[in-house]
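To start, the structure under review is shown below, and the notes come after it.
Note that these values count all heavy atoms, side chains included, but never hydrogens, waters or copies made by symmetry.
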Amino acid sequence: MSAEAAAAPAAAKTGGWEPKIVAFCCNWCSYGGADSAGMGRFQQPASTRIIRVMCSGRIDPLHVFNAFLEGADAVLVTGCHIGDCHYVNGNDKTKIKYKYLENVARELGIEKERLQLNWISASEGEKFANFIRDVTAQIKKLGPSPLKPEGVA
Amino acid sequence: MSDIKGTENKGAVAKDNEEKRVGVFVCECGVNIGGVVNTKAVADYIGTLPGVKVTSVNKFTCSDSGQADIQQKIKEHNLNRVVVAACSPKTHEPTFRACIEQMGLNQYFLEFVNIRDHCSWIHMWEKEKATEKAKDLIRMGVERSKLLEPLQASEVPVTDKALVIGAGVAGMQSALDLADMGFQVYLVEKEPSIGGRMARFDKVFPTNDCSICILGPKMVEVARNKNIKIMSYSEVKAVEGYVGNFNVKVEHKPRYLDVAKCTGCAKCSEVCPVEVPYDFNEGFGTRKAIYVPFPQAVPLRAVLDKENCISCKACAKACQSGAINYDMQTSYTDINVGVIVGAVGFKTYDPEPRHDFGYGLYDNVITAMEFERLLNAAGPTGGHVVRPSDCKEPIRVGFVNCVGSRDKATNIYCSGVCCMVTIKNAQLLKEKRPETDHTIMYIDIRTPFRGYEESYNRSRALGVKFLRGRPVEVKEDPVTKNIKVRVEDTLANEIRNLEFDLIVLATGIVPHEGINQIQQLLKLSKAADGLLMEAHPKLKPVDTTIDGVFLAGVASGPKDIPYAVSQGSACAGRATILLKNKKAITEGITAVVNPEVCVGCQVCIPMCPFQAIKMDETPYLNTGIKKANVVKALCKGCGTCVTACPTGALEQSHFKNNQLLAQIKNVFKFQEVAA
Amino acid sequence: MSDTIYSTICPGCNFGCGLYIRENRALDVDFRKSSPANAGKLCRFGMSLPRFYKPIKSMVDGKETSIEDAAKEAAKRISAGKGSTAFLSFGNTTCEELLALRKASESYLCTGVNFEGLPKDTYQTLSVGIPYSEIENAKHIVLFIDPYEQYPLIVRRLISAKNKGAKITAVWWKDLALATENIRPEDVSKLQFTKDSLIIADFHPFSDVEQVKSVLSLAKNAGAKVTFLKPFANSTGAYIMSKDAKQKSLAQLVDDINKGTIKTLFCLESNPLELIPSEALGKLTNLIVQTGQAPDTKANIVIAHEPLYKKKGTLINNEGRAQALGGAGTNGLDALGIVAGTKFDFNSLHESVKKALGVAAIDEFTIPKYERPAYGAIQAAPKQPEAKTALVSVFNPFMWSNLSDDNDFVELSLNTVRALKLLKGGMLMIKSNGSAIEKRFKVAPVPDNVLLSCRKFGIEKGTITPVEISR
Amino acid sequence: MQKSEMYVGWSTKEDVRKRGGSGGLVTSMLAAALEKKLVDAVVVLKKINEFEAVPIITSDVNEVLNSAGSLHSVPSNFAKLIANRNLKVALPAKGCDVRGIIEQGKRNAINLDNTFIVGLNCGGSMHPVVTREMLEVMYKLKPEDVHGEEIEKGKLIFETKDGKEHAITIDELEEKGYGRRESCRYCTIKVPNNSDIACGNWGVTGDLVGKATFVEINSEKGAKLLQNAIDAGYVQVQKPDEKGIAMRAKIKGVMEDLGKKWKGKVFVPIDNGRLEYFRKELEHCIDCGACKAVCPTCSCGDVSKCTEYHFRGDAYKMSMYHLVRFLHLADACIGCGQCSDVCPVDIPLTRLYRRFANPVQEQLKYEPGMDMRKPPYFEVKLNE
């Protein structure tokens with residue numbers, strides 16, 4: 001058992017508000033990364049809901065906006081490392097779309113922690129888990145998203 | 001113009017009026033899930049969702065009894081959507097797709113929810129939160145499942161001919177196997193002769209066989225095979241189409257002589273007055289402007305190097321068969337094939353630009369490949385290893401391993417074969433001239449396969465010295481032209497100053513310049529190391545992401561000869577599945593255009609790395625607008641075009657916007673009233 | 001190749017928004033930025049006009065025919081009916097056509113301006129509103145409407161007033177974003193009106209008479225200004241052109257159809273289904289519809305004249321501003337002539353319109369002078385919904401013209417959502433008088449006992465319908 | 001004749017010279033293009049009254065010769081008008097119109113090879129309703145009495161039917177909220193060098209002032225258009241004098257600097273409460289979709305991502321429609337101001353779009369509608 005896993009029961013007891021984070025994962029890398037995190041039993045806060053797409057290039061800004069409007073406290077865009085795309089260069093295109101998304105989020109005054117991009121390979125289970133842990137901690141500090149509709153959790 | 005959203009909305013999904021009857025099957029995966037998630041509570045909650053007709057909890061849903069339960073409930077409740085909440089879809093999606101297909105449901109009516117890898121395994125000590133999360137995940141899946149649409153994988157016919165690009169040992173093997181299975185094979189080689197790199201090796205490890213002696217017969221076999229059409233001195237210039245139906249344009253460079261008339265007698269070479277460095281011998285020695293590539297070349301025909309030709313026409317006079325034709329033009333052949341095997345090879349790392357270990361600065365620093373030609377009886381020195389500065393036979397030879405490999409400054413990967421090459425080379429010289437003294441400077445010695453370690457042991461027994469350490473300073477003695485090396489012996493933990501007559505660099509394997517062109521022509525992926533990507537590093541090592549295109553040999557990563565040959569055979573085997581069945585099943589998940597909505601703006605076209613989107617040739621109905629169209633056989637279903645499409649006319653089946661949005665929306669729920 | 005462009009007016013309500021209709025392959029709306037009523041701005045209905053102007057063909061008993069033959073057949077049936085014909089037009093057409101209709105139908109006319117149950121001295125106040133510039137300059141505005149849904153172009157006038165410091169009180173079922181104060185209709189008695197107050201209400205065929213009286217009385221008692229917005233493009237013109245005509249009220253008409261004294265109904269540019277219960281319509285021997293865009297009723301005779309945007313003529317908006325339609329078409333008048341057995345001359349009718357307005361020329365930039373007579377004291381007793389839960393229907397241009405809109409949902413409070421344990425993205429079951437429907441819902445700032453809807457679901461009984469709701 | 005050459009020219013037809021502004025060169029050039037079948041149709045403004053003209057597509061030479069000429073109070077929008085109509089067309093266009101047309105060209109809705117764009121120098125346009133009010137309030141004039149208008153030396157001059165001129169500085173007018181539309185104030189495309197041929201009165205000197213047009217040829221098509229008009233005998237040109245060229249450059253410079261200054265004034269950074277700012281500005285939105293329908297860079301039809309996934313029944317804190325448009329317009333917005341003009345609830349949409357577009361366009365060094373560079377959003381990989 002890893003050190004993180006051993007530490008988890010203590011973290012679980014602290015409880016409190018659990019943010020809801022929507023993570024978009026590509027089928028070939030980051031979704032596999034999340035699977036690897038499971039296989040390695042890398043414990044994570046129960047904050048994240050994963051939406052699987054075939055390629056990170058399919059992560060439409062439309063979906064990211066919708067996640068925020070529906071009440072996401074953070075949205076994560078993840079995919080294969082640049083150069084490793086299963087579809088030649090899908091993640092290069094993801095990078096461009098993300099640049100635009102980031103701009104809209106920044107101009108809207110959405111904190112940068114609430115929208116994050118990360119490249120995670122299928123073998124990087126621990127990286128995936130660490131990422132979720134870090135983001136969750138950051139969001140807990142920030143509190144609920146200002147875009148969250150009333151009465152929704 | 002119209003308001004923001006009128007109801008006569010052409011884009012709206014045609015209302016599917018069929019009542020959605022969802023069955024949800026929650027797997028406990030032994031205690032993997034059941035030990036953390038309260039599966040009963042989850043099933044009870046999910047059972048209250050609209051459309052859910054039945055829920056079921058199984059110890060192992062993937063077991064025969066679990067699958068039988070699904071099939072029985074489909075029948076009992078007349079289900080038309082099935083949600084399985086279990087492990088990762090990567091593990092068992094195919095299992096359950098087959099399971100529901102047996103019951104007459106379209107296999108894409110399955111929604112697979114991952115509550116093990118993404119839930120129970122990562123929230124082992126937060127049982128309540130894990131249970132809540134499982135409810136959310138399954139609710140997301142249930143709502144998505146209601147919007148799933150039936151998909152049919154489509155079939156395309158396969159032309160029963162193959163193209164093999166690259167006639168190295170891997171490509172030849174592939175061509176031979178395919179030909180022996182009865183298929184017509186075009187074997188395209190850019191050099192004037194087939195044979196590839198292996199033809200240039202002197203001996204091959206670990207058996208130290210003569211390389212050309214074992215390769216030569218294979219080359220002849222290729223030439224003799226009726227089903228193989230060799231296109232030497234030719235390159236693939238264009239590839240269009242898709243699996244089963246590739247249209248390929250092959251360019252034939254002019255040899256300036258009639259291949260049918262040339263006998264390979266080399267009389268022309270004898271009279272040619274022009275001498276140029278001989279590339280086959282790694283630049284050692286010379287060849288003529290008209291020459292036969294090497295004695296065992298296939299086809300055994302001369303080739304005229306027009307760049308260096310002085311047009312003295314001596315060769316034309318000398319040629320008894322009148323084969324010389326100075327006016328020959330580049331010609332092209334269009335071929336249609338069903339599959340393509342890419343065995344495009346590699347080159348060795350060039351230490352010249354960086355002057356690694358003084359290469360290019362000091363005469364007596366050479367590469368292993370150059371050393372190989374010097375050792376070769378047919379080489380420039382007739383098999384005498386001499387050092388370039390004074391043509392004297394060296395006594396003290398230093399070998400440096402991992403040049404251009406395992407080095408952040410050049411390539412981080414291990415080239416795999418260089419340890420053995422060095423060991424073999426030292427052995428060969430030592431055996432020839434026992435008085436020589438060999439020192440191999442290495443980082444690690446890697447001898448993983450049959451006979452390799454034995455070969456290493458033999459070297460040691462012969463007295464070859466192994467020094468673990470990388471030279472930190474390499475200097476030439478200006479008088480003797482000997483090479484002085486300062487190296488840390490990391491085993492003895494001391495700095496040593498050595499002097500060698502000759503230094504041989506074991507240069508690594510790198511992609512050759514043509515690989516980019518091949519990558520673009522075949523629309524393949526390239527990894528960060530610059531080599532081509534296979535479809536799956538473990539399970540599909542010779543497939544690519546492009547259906548009908550396979551990779552053999554070093555183009556997809558460093559390999560030794562047996563590995564490359566196996567891959568050649570493997571490609572032939574994989575390709576035969578398509579060639580023999582005469583049909584290919586294409587991806588069911590593809591992009592689809594709604595022509596009612598498409599405005600023909602064409603922004604999607606460059607988005608597709610597979611060139612699967614074409615514009616219609618004629619305007620759609622009476623709109624006057626030519627719409628985009630997805631060629632299903634080319635589409636790999638990544639969906640990047642769908643993201644770029646500003647109108648939403650492009651959709652990715654099985655990952656449609658409304659399906660993904662249904663998932664997103666159901667991440668959340670109304671907060672319950674505090675009691 | 002030349003585009004045909006019509007400078008025209010939106011038929012969505014009585015606001016009088018100017019726009020261009022451009023005819024090329026399809027219809028397009030263009031923005032007429034110099035329009036004095038609204039600077040070329042259009043609401044979602046205005047933007048939907050290409051859908052509204054559905055082409056139509058003249059028909060007799062389901063068979064296609066020419067407009068002349070349809071009109072001739074109508075004349076034949078009307079004369080055969082011997083005085084059992086009623087003529088109905090609710091102000092969706094030009095003043096000129098209304099004058100012609102009036103002439104064609106001295107026997108039984110209904111233009112909706114014989115306001116049943118309301119004192120005659122309030123008619124002018126109900127019919128002619130105040131200039132929009134006065135709204136922008138008001139100090140206190142009290143809204144009895146949902147401006148966003150019902151009369152969207154008034155929103156910018158209200159915002160302008162607010163920016164100038166006006167207080168805006170919404171007496172409505174939902175909190176309105178532009179209001180500085182939101183109160184519910186049942187609490188209207190708590191509200192303080194002054195002579196600086198401007199009351200904005202609306203008045204349409206389904207208005208609750210007691211509610212209208214109550215508004216009139218509130219204004220009267222406080223000395224406040226009141227203006228009524230209306231749903232039909234020429235509602236104001238209909239009043240001005242026919243106020244002195246002998247005519248029947250809508251209720252009377254329905255009554256007479258039910259009694260059987262009216263057997264033939266002639267509708268000019270008015271959707272009868274919208275105004276008359278379908279049971280009553282079923283009793284008619286002949287339903288004759290003369291219109292410019294496809295109706296949703298099965299009429300015995302359809303006289304298809306040009307759509308409004310192609311017509312020549314005058315419309316009067318809620319401010320009383322007379323605006324000329326930019327078309328040249330008069331085939332509606334010609335057909336009316338055939339029906340009436342006469343010939344109508346546009347020019348002489350147009351002169352009569354100008355005379356009625358007291359102007360020398362139709363100038364959209366100048367509002368004619370209108371008298372605003374005071375009216376006497378009014379007793380009003382508006383009823384509040386008694387039901388536990390009420391479905392409140394908010395009438396809007398889409399509803400009046402039966403055009404579908406992106407509003408297939410009801411609004412309800414978060415408390416109701418929680419009490420009923422509704423699922424996000426799920427459905428609400430609404431039951432009324434034995435019929436039940438399932439609808440999507442939206443959480444909105446409405447009272448817990450109210451469902452608000454801008455679409456007709458077919459279970460409504462007027463503006464307020466008692467319902468039962470569940471998951 | 002070729003790219004970057006400059007001329008001063010005028011119409012040979014007296015009636016056109018009289019009616020059109022600045023010697024009627026543009027009108028005659030368009031008429032000649034139609035007459036000589038260089039194009040199948042021409043877009044002209046059909047004058048309705050002094051403050052109103054409506055753009056029409058016509059193949060009738062007479063209609064072209066009788067067209068309205070230049071009007072400052074007609075914020076026209078030609079790109080959408082000719083999109084998807086497969087026309088061989090010539091049209092006059094302000095800087096923003098040209099940008100719109102080029103953006104439509106990139107999206108394959110206009111074939112630029114078949115489109116001859118006559119660029120018009122533009123210091124800004126005015127909203128007709130604002131102009132009327134301004135005449136009454138600032139100039140104390142009856143709009144009906146006004147006969148013509150002109151901008152000269154920073155003043156907006158109205159000529160009344162009695163022949164008198166009435167001038168007020170634009171600065172003063174804009175101080176009071178009148179004058180040019182907001183987007184025109186911070187626009188910096190004053191001479192449309194993105195068009196085929198840029199025309200205007202800046203740089204016309206001496207006796208020719210008011211009687212000729214200064215043109216700069218920006219493309220082969222522009223050269224063809226002018227040469228065609230000369231060959232057809234519709235137009236005469238001469239080389240401009242050095243003074244004129246310098247003067248034109250100076251005016252251009254001054255106007256552009258003014259635009260930049262306004263940009264700084266309008267787009268004051270918002271440090272806190274940006275979300276609230278946008279929510280407040282959008283709170284009255286009635287979902288009419290006019291801003292999209294009028295947008296000259298949008299080539300979508302009725303159905304598009306912004307509308308399709310926007311449902312009025314969603315109780316969101318922000319509009320899905322606007323969020324998608326903010327994103328899609330981040331590289332596409334040309335700041336033409338059309339959306340603000342038509343918004344029925346007076347949302348300053350252009351200002352909102354520019355808030356997102358300014359940083360993206362600066363960062364990517366992308367100016368939409370100024371050249372044929374593909375919108376970065378549709379690139380496969382950005383060169384960074």
Side-chain angles (χ1 to χ4, degrees), chain A residues 5 8-9 11-13 15 18 20 22 24 26-27 31-32 34-63 66-67 70-72 81-90 93-94 97 129 132 148-149 151-153, chain B residues 87-91 112 114 116-130 132-133 136-137 140 519 523-529 533 535 545 589 607-610 636-645 648 652 654-655 657 660-661 663-672:
Chain A
K13 275 181 208 133
E18 191 74 72
K20 269 215 174 153
V22 175
F24 292 95
C26 83
N27 184 58
Y31 191 90
D35 280 357
S36 299
M39 281 180 248
R41 309 298 194 275
F42 294 113
Q43 298 300 299
Q44 306 159 32
S47 54
T48 306
R49 307 290 181 265
I50 288 175
I51 314 268
R52 180 171 69 121
V53 287
M54 292 310 282
C55 175
S56 65
R58 176 68 185 101
I59 303 170
D60 198 317
L62 175 85
H63 303 154
N66 198 253
E70 287 285 345
H81 289 275
I82 292 294
D84 284 357
C85 180
H86 187 77
Y87 303 101
V88 185
N89 54 9
K93 290 167 263 180
T94 313
K97 308 291 184 280
I132 299 303
K148 198 189 274 289
V152 165
Chain B
C87 48
S88 170
K90 299 200 161 192
T91 321
F112 204 97
N114 188 340
R116 188 187 73 182
D117 308 42
H118 294 184
C119 189
S120 64
W121 274 355
I122 57 169
H123 311 307
M124 293 168 78
W125 295 282
E126 297 183 282
K127 295 191 175 180
E128 268 174 41
K129 283 186 176 174
E132 285 310 304
K133 178 168 171 180
D136 284 357
L137 291 173
M140 290 157 64
Q519 182 216 354
K523 294 139 200 158
L524 300 176
S525 326
K526 215 167 76 173
D529 56 22
M533 282 269 281
T545 51
I589 297 173
M607 285 292 123
C608 181
F610 312 106
K636 306 297 293 176
C638 67
T640 36
C641 56
V642 180
T643 300
C645 178
Q652 182 188 10
H654 211 59
F655 291 89
N657 284 314
L660 292 170
L661 287 170
Q663 266 180 299
I664 295 166
K665 288 174 198 292
N666 281 284
V667 168
F668 309 95
K669 58 183 185 202
F670 286 120
Q671 264 168 339
E672 278 146 41

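Within the 4.5 angstrom heavy-atom criterion, atoms from both the backbone and the side chain of B:Lys636 approach chain A. Looking at A:Ala129, neither its backbone nor its side chain comes within 4.5 Å of chain B, counting heavy atoms on both sides. Looking at A:Val22, the atoms closer than 4.5 Å to chain B (heavy atoms on both sides) all sit in the side chain, from C-beta outward. Residue B:Asn657 touches chain A through both its backbone and its side chain, counting heavy-atom pairs closer than 4.5 Å. For chain B, the nearby part of A:Ile59 is the backbone; its heavy atoms alone come within less than 4.5 Å.
For B:Phe112, the ring-ring contact (aromatic ring centres under 6.0 Å, His included) criterion is met by B:Phe96, not counting sequence neighbours. Residues passing the ring-ring contact (aromatic ring centres under 6.0 Å, His included) test with A:His81: none are found, sequence neighbours excluded.
Heavy atoms only, all atoms of each residue included: B:His123 and A:Ala46 are closest at CE1-CA, 3.3 Å. When all heavy atoms of B:Phe610 and A:Tyr87 are compared, the pair lying nearest together is CZ-CA, 3.9 Å. Considering all non-hydrogen atoms of both residues, B:Thr640 and A:Cys55 come closest at CG2-SG, 4.3 Å. B:Thr643 and A:Pro61 get closest at one heavy-atom pair: CG2-CD, 3.8 Å. A:Glu18 and B:Glu126 get closest at one heavy-atom pair: OE1-OE2, 4.4 Å.
Your options are B:His654, B:Met140, B:Arg116, B:Glu132, and the one with the most heavy-atom pairs under 4.5 Å with chain A is B:Met140. Most heavy-atom pairs under 4.5 Å with chain B, from the set A:His86, A:Lys148, A:Gln44, A:Met54: that is A:Gln44. The choice from B:Phe670, B:Phe668, B:Phe655 that makes the most heavy-atom pairs within less than 4.5 Å of chain A is B:Phe668. Considering only heavy-atom pairs separated by less than 4.5 Å from chain A, the leading option among B:Leu661, B:Asp136, B:Leu137 is B:Asp136. Ranking B:Gln519, B:Met124, B:Lys523 against chain A, the residue ahead of the rest is B:Met124, based on heavy-atom pairs under 4.5 Å. Among A:Gly32, A:Pro45, A:Cys26, the residue with the largest count of heavy-atom pairs under 4.5 Å with chain B is A:Pro45. Chosen from B:Asn114, B:Val642, B:Asp117, B:Thr91, the residue pairing most often with chain A at heavy-atom distances under 4.5 Å is B:Asp117.
In this structure, the separation between CZ on A:Arg58 and SG on B:Cys641 is 8.5 Å, given to the nearest 0.5 Å. Atoms CD1 and NZ, on A:Ile50 and B:Lys133 in that order, are 6.5 Å from each other to the nearest 0.5 Å. For the atom pair B:Lys90 NZ and A:Arg52 CZ, the distance stands at 8.0 Å (nearest 0.5 Å).
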Item to complete: Check the pair A:Glu70 / B:Val667 against side chain to side chain contact (heavy atoms under 4.5 Å, CB included), numbers first and verdict last.
Response: CA-CA 8 Å; A:Glu70 287 285 345; B:Val667 168; over 6 Å; no
Item to complete: Show your reasoning for whether side chain to side chain contact (heavy atoms under 4.5 Å, CB included) applies to B:His118 and A:Asp35.
Response: CA-CA 6 Å; B:His118 294 184; A:Asp35 280 357; 2.7 Å; yes
Item to complete: Take A:Arg49 and B:Ile664, measure what side chain to side chain contact (heavy atoms under 4.5 Å, CB included) needs, and give me the verdict at the end.
Response: CA-CA 9 Å; A:Arg49 307 290 181 265; B:Ile664 295 166; over 6 Å; no
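A:Lys97 contributes no side-chain N or O that, together with a main-chain N or O of B:Ala644, makes up a donor-acceptor pair within less than 3.5 Å. Distance alone, capped at 3.5 Å, places no donor-acceptor pair between the B:Lys665 side chain and the A:Asn66 backbone.
Side-chain contact between A:Val53 and B:Cys638 is absent, with no heavy atoms from C-beta onward closer than 4.5 Å. Taking 4.5 Å as the limit, some side-chain heavy atom of B:Pro609 sits within range of a side-chain heavy atom of A:Lys93. A:Phe24 has its side chain out of reach of B:Leu660: every pair of non-hydrogen atoms, C-beta onward, lies at least 4.5 Å apart.
Residue B:Glu128 qualifies as open at atom CD: its count of foreign heavy atoms under 6.0 Å is 12 or below.
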